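Structure first, then comments.
Every chain is numbered from 1 and lettered A, B, ... according to where its sequence line falls, protein lines coming before strand lines. Keep in mind that this is a model prediction, so the values were computed, not measured.
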There are 2 protein chains.
Amino acid sequence: MNFQQLRIIRETLRRDFNLTDVAAALSTSQPGVSKHIKDLEDELGIEIFERRGKRFLGLTAAGKEIATVVERILLDASNIRQIADQFASRDEGTLIIATTHTQARYVLPDIVKRFKDTYPRVHLTLHQGSPREISNLVAAGEADIAIATEALDVSEIVTFPCYTWHHAVIVPEGHPLCQEVSITLEQLAAYPIITYQEGFTGRGLIDKTFAKAGLAPDIVLSAIDADVIKTYVEVGLGIGIIASMAYSPQRDRNLRMLDTHQLFPINTTRLGIRRGHYLRDYAFHLVEMLAPRLKGAAIRAALNRDG
Amino acid sequence: MNFQQLRIIRETLRRDFNLTDVAAALSTSQPGVSKHIKDLEDELGIEIFERRGKRFLGLTAAGKEIATVVERILLDASNIRQIADQFASRDEGTLIIATTHTQARYVLPDIVKRFKDTYPRVHLTLHQGSPREISNLVAAGEADIAIATEALDVSEIVTFPCYTWHHAVIVPEGHPLCQEVSITLEQLAAYPIITYQEGFTGRGLIDKTFAKAGLAPDIVLSAIDADVIKTYVEVGLGIGIIASMAYSPQRDRNLRMLDTHQLFPINTTRLGIRRGHYLRDYAFHLVEMLAPRLKGAAIRAALNRDG
DNA sequence: GATGCTTACGATACCCGTAAAGATA
DNA sequence: TATCTTTACGGGTATCGTAAGCATC
């Protein structure tokens, strides 16, 4: 048994049992991949993969149990490298954050700037994606930290509350709703609405809120990001519901944000880290910038629980 | 990084940083060991071991963190082999039990017989040793299951209650205590006493019981096993305090066991398994024979908690 | 016929063991 | 001086990549 064999097992799962893809992903030859699998199966005396003829279809029962252990070994192997890097150069290295448009555009810029100032020698990478994509990146160990409001509840990932926020309503300058002192859901539902797509930035809670009130709002456009929403609110397609931090009086001069704190429930943006993943000290500092309440030691402990 | 390097790291800790011993233990050459360590340190860019000149003294700070991960990787590697064996041949394999004299001599024979009948193709090995030795064997992964009343409370080992028992007093036929209806600690303390050594078969509880009653018993002989104790009770050196299951009316015709249930607190014999260790199905059956209350699924869950 | 896996084979690199030298107690 | 580690070197093996062959879709 060697690490290359284990890497091949893992990659075979990720590449949907196509050994040609596996070879490409690990930048080696396809026959080599075949042989490694065969060698390992021979050594263990069992078949790890289900086959029809020469095609690979999936895992055997034994393969399923082995796969989880293989994942853990490879995670630990990368942890050893992380630990070494940590001691070799405390303030130098890489950090990959996977996050959504909302965070990347409206929340992270300040924090990233502070982080870069503190750790100029850390190579910080941001990966933007849908909550689901983010979640997969972190679960696969391809990103260190996920920051999102949705879709982080998978078993491989430990999440921590980061900060809370509310949805707000935006309307064009001079819109009738600007006159109202206290706005109700019924009033909102009377207008065409532009907001996030299902699965993005708390859309689920918006739907639930209207449904609970027995209202069927007319969603004329669902977008992935607040910039698109604002654009169409400006042209008068409807009123917008966005995360409040996406509104800035300076930038959005043609728009008004209405106080609707009481209408929609609280959203919690969470950060997610892969269970068992070793994080560099500077990563914990970033986490503390994001959520001052969270302490490095507590996070380390949570990451190693229930391995 | 490869597995041989990791094995060498682990063995270096176990052999107290003597590379010559490490080479012998892994049956390879000492220069090879040196080179592997150097190669790994170069690859990681840090020193794992503290050195004075050419001598190895201990782990560096980085080495300490890495060592725990190395342990886990090697444990998982052996788990993969176990899983493979499990699927290759469900009722065939090996099982190593580490236990004390008391268990091996008076409790396990029946269970071992039943187990051998059920699983004739499993190679069952018993390792007898002191509680401390047993504990080390299981923690090092050299035995699968520990069975003992003492010394299993180390962090690497998960323990489960197995069964409970009491200490009993044995005296030679015709001893004055045989006349007494209800015996007190004071009466016992009036005679010379023969019992277990410190750290064996509940000796600690015996001492505590007398101390609590303000008594200072005269321990004229401390032995490791009940057979030695019984021998000296027979020759009249004193009265014996042993685990009740060590007495058999048939075998021990020259001795009488006195009912002292109420005098000494309950002892619990526990079984211990290394945290994260994968056990074969037949091992769980043995556990169920030892403690019918314990269920395989619950044990598997406990072994994987708090990795 | 296109895609995907296995077998065959030669070059390379890695790993191991022996021998000798150097450091430490 | 005895013990222990490092350096140096040669032989063997494992790994890798290319090329060809064969199954599956």
Which heavy atom in [X] sits nearest to a heavy atom in [Y], and how many Å separate them?
X	Y	answer
B:E92	B:Y282	O-CE2, 3.9 Å
A:L57	A:F17	O-CD1, 3.6 Å
A:G129	A:I134	O-CD1, 3.5 Å
B:I73	B:F3	CG2-CE2, 3.8 Å
B:L303	B:H277	CD1-O, 3.5 Å
A:A67	A:L13	CB-CD1, 3.7 Å

| message | What residues from residues 30-40 of chain B pass a heavy-atom cutoff of under 4.0 Å to DNA chain D? | response |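 Nucleic-acid contacts, sorted: B:Q30, B:P31, B:S34, B:K38.
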Legend entry - Neighbours of DNA chain D within residues 8-24 of chain B, by heavy-atom distance under 4.0 Å: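 Within this stretch, B:F17, B:N18, B:L19, B:T20 sit under 4.0 Å of the strand.
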[X] with [Y]: basic N within carboxylate O range, under 4.0 Å:
X	Y	value
A:D85	A:R81	no
A:D227	A:R105	yes
B:R72	B:D76	no
B:D42	B:K38	yes

key: Residues, nucleotides or ligands: over 12 heavy atoms within 6.0 Å of B:R14 CZ   =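 It does: B:R14 CZ has more than 12 such atoms within range.
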Any chance NZ of B:K116 has more than 12 other-residue heavy atoms, nucleotides or ligands included, within less than 6.0 Å?
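For B:K116, atom NZ is crowded (more than 12 foreign heavy atoms under 6.0 Å).
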### Task
Check whether the side chains of A:Q82 and A:S78 place a donor and an acceptor atom closer than 3.5 Å, and report yes or no.
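Their side chains do not contain a donor-acceptor pair, so the 3.5 Å distance test is not met.
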B:Q5: which of B:R10, B:H36, B:K35 passes side chain to side chain contact (heavy atoms under 4.5 Å, CB included):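 Single pass found, and it is B:H36.
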Quick test: give all pairs of protein nitrogen or oxygen and nucleotides 10-14 of chain C nitrogen or oxygen below 3.5 Å, distance rounded to 0.1 Å.
none

**OP:** Could you state the atom-to-atom distance from CG of B:L26 to C1' of C:dC15 in whole Å?
**Re:**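 About 15 Å, once rounded to whole Å.
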Measure CZ/A:F3 against C1'/D:dT15 and give the value in whole Å, please.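 One finds 17 Å between C1' of D:dT15 and CZ of A:F3, rounded.
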Would you list the atom pairs, donor with acceptor, under 3.5 Å between side chains in residues 45-52 of chain A and any protein atom, with sequence neighbours excluded?
| from | atom 1 | to | atom 2 | distance (Å) |
| --- | --- | --- | --- | --- |
| A:R51 | NH1 | A:E41 | OE1 | 3.2 |
| A:R51 | NH1 | A:E41 | OE2 | 3.2 |
| A:R51 | NH1 | A:F49 | O | 3.2 |
| A:R51 | NH2 | A:E41 | OE1 | 2.8 |

Nucleic acid contacts of residues 46-59 of chain A, taken as heavy-atom distances under 4.0 Å to DNA chain C: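 Of all residues in residues 46-59 of chain A, the ones placing a heavy atom under 4.0 Å from DNA chain C are A:K54, A:R55, A:F56.
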Using five base pairs at each end, measure the axis-to-axis angle across the helix from C:dG1-D:dC25 to C:dA25-D:dT1 and round it to 10 degrees.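 Here the helix ends are tilted 40° relative to one another.
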